[in-house]
Amino acid sequence: MAPANSLSAWSDLQAHHESVGKTIVLKDAFKSDPKRFDKFTRKVTLPADISSGSNGTDIIFDFSKNLITEETLDKLVKLAEEAGVEKKRDAMFAGEKINFTEGRAVYHPALRNVTNQPMKVDGVDVMNTKGGVNEVLEHMRVFSEQVRSGEWKGYTGKKLTTIINIGIGGSDLGPVMVTEALKHYGAKDLTLHFVSNIDGTHIAEALADSDPETTLFLIASKTFTTAETTTNANTAKTWFLEKTGGKGDIAKHFVALSTNESEVTKFGIDPANMFGFESWVGGRYSVWSAIGLSVVLYVGFDNFHKFLAGAHAMDQHFQKAPLKENIPVIGGLLSVWYSNFYGAQTHLVAPFDQYLHRFPAYLQQLSMESNGKTITSDGTPAKYTTGPVVFGEPCTNAQHSFFQLVHQGTKLIPSDFILAAKSHNPVSNNLHQKMLASNYLAQAEALMVGKTAEEVRAEGNVPEELVPHKVFMGNRPTTSILVGGLIGPAELGALIVYYEHLTFTEGAVWDINSFDQWGVELGKVLAKKILKEIDEEGAGSGHDSSTGGLLGAFKAYGGF
Ligand SMILES: O=P(O)(O)OC[C@H]1O[C@](O)(CO)[C@@H](O)[C@@H]1O
């Protein structure tokens, strides 16, 4: 594919930005077009049998508070066409090796293919082959039901009531985020810990809280070679064997979620207790795979299945909807619009939902590990900016911390606000929910309409020298996502996949490979070398004076 800036739609958008984009005033656009909300709002509906609402759940994506006209959207769609977004999407769903730097298919949609469409990689039916998607799902179902019912017992015959998932990156962030988001559905008699950091505090705190007789360890690692995970897993194994006086049965207390059977076996886990998946599942897309076992254990298989089904519904929308109606495509094109034509460097995602408090952290890996790239498909550097810095926190908390900058700072920060119409906890007669919703609506409105100097003065009693400080420029774009009911498993699945395919669309336009992650390697290699040097005499070799100086100081102060 060609670099994005060589496409004629790109130059067209540049001209359009100069003539139209720069001058759009959103509040005026709403005044002059009463149908603007309808024109730029899109909806998916999740069917009743999977959704949390008895009549199904609508999820509304209101793009109308973005700096676009109908012409802008048409031109962005043209860009997607010229960049081959549909072709690339179809290649992904056809199991082609679109991860061209690793020679791999990108086939995580198969993991949530609950309607069992034929899906093949290299001619192999990945759904029904031995060890394939359906077989692993069945293994997850059986195992989770055994653990949840107490039929699966620890080495002294007790029910397992503590689950410690040891993994990092995609083998941690998805399970953490989803179990938090679905806490309402979680088994109340299970305690979950997620240990990811190599900082010994993380595993030590989890172990301190746990009883070896009733603890199940899930060692979650696609490669089973990640230093943090293998080190934490070995520490957990040593703790388990010490605490049980060597009587503890690893087979009853340790399972592996991985693609690497030989490393799993070397660690001492019986391959019968391994839940596998394939190399075509990228780490940041792996919560749908065996890596989601902690989710299944916590919320139960039926809920996990609904989670997959909600994701599948969004996959189908992405595959079938025309580009102009295609919700993740529009989201991705808006990101391109702001990044490449307005110079925006960031993207804020603020869920107005406490259960979604880890959603932004999850999206950071999804987006930034996927599209934090410079090199395009022909091996040359992109001459345009690519993946934005994604950040966020739940609201209303974020409003009381960094929203000052979003409202009055010098940067343009395109923002997504997410709200569910219904709360799982309608306490105080829904007072909290109504206040939450009023903030969700008010923030987007305030960011758009702003406040002029005249309006500040009209409030009265404002000293003239304070007027400029109280002005809000407004015209700051937001996308409002409204789940028309509760956020249950299916709704969550659909929301995640919206962002997955938004990220896909961005990468497809930018002509980069969204599916590798070479950028994490260099630091890993250097850390290995330095780890050795900590145990050797001196302050290492071949380092710059800062690294060498700090290494020496660390050894002296730490007594190493
Ligand atoms: O599941 P693994 O193989 O332990 O990898 C963990 C994470 O590490 C990364 O490779 C980055 O270092 C991520 O892409 C991945 O999700």
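If you read the sequence from its start, that first residue is 1, and numbering goes on from there. First listed ligand is number 1; within each ligand, the first listed atom is number 1. These values consider heavy atoms only, across backbone and side chains, with no hydrogens, waters or symmetry-generated copies.
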- Item | Basic-acidic side-chain contact under 4.0 Å: K97, D122 | yes
- Query: Can we call the ring centroids of F254 and F240 under 6.0 Å apart?
  - Reply: yes
- Item | Pair E536 + K532: basic N to acidic O under 4.0 Å | no
- Task: Kindly state whether the ring of F515 and the ring of F100 have centres lying under 6.0 angstrom apart.
- Result: no
- Evaluate the side-chain proximity of F504 to F318: yes if any heavy-atom separation is below 4.5 Å, no if none is. yes
- Neighbouring residues of ligand 1, heavy-atom cut-off under 4.0 Å: I168, G169, G170, S171, S221, K222, T223, T226, G283, Q365, E369, Q517, V520, K524
- Can we say K373 and D516 salt-bridge, meaning some charged N sits less than 4.0 Å from an Asp/Glu carboxylate O? yes
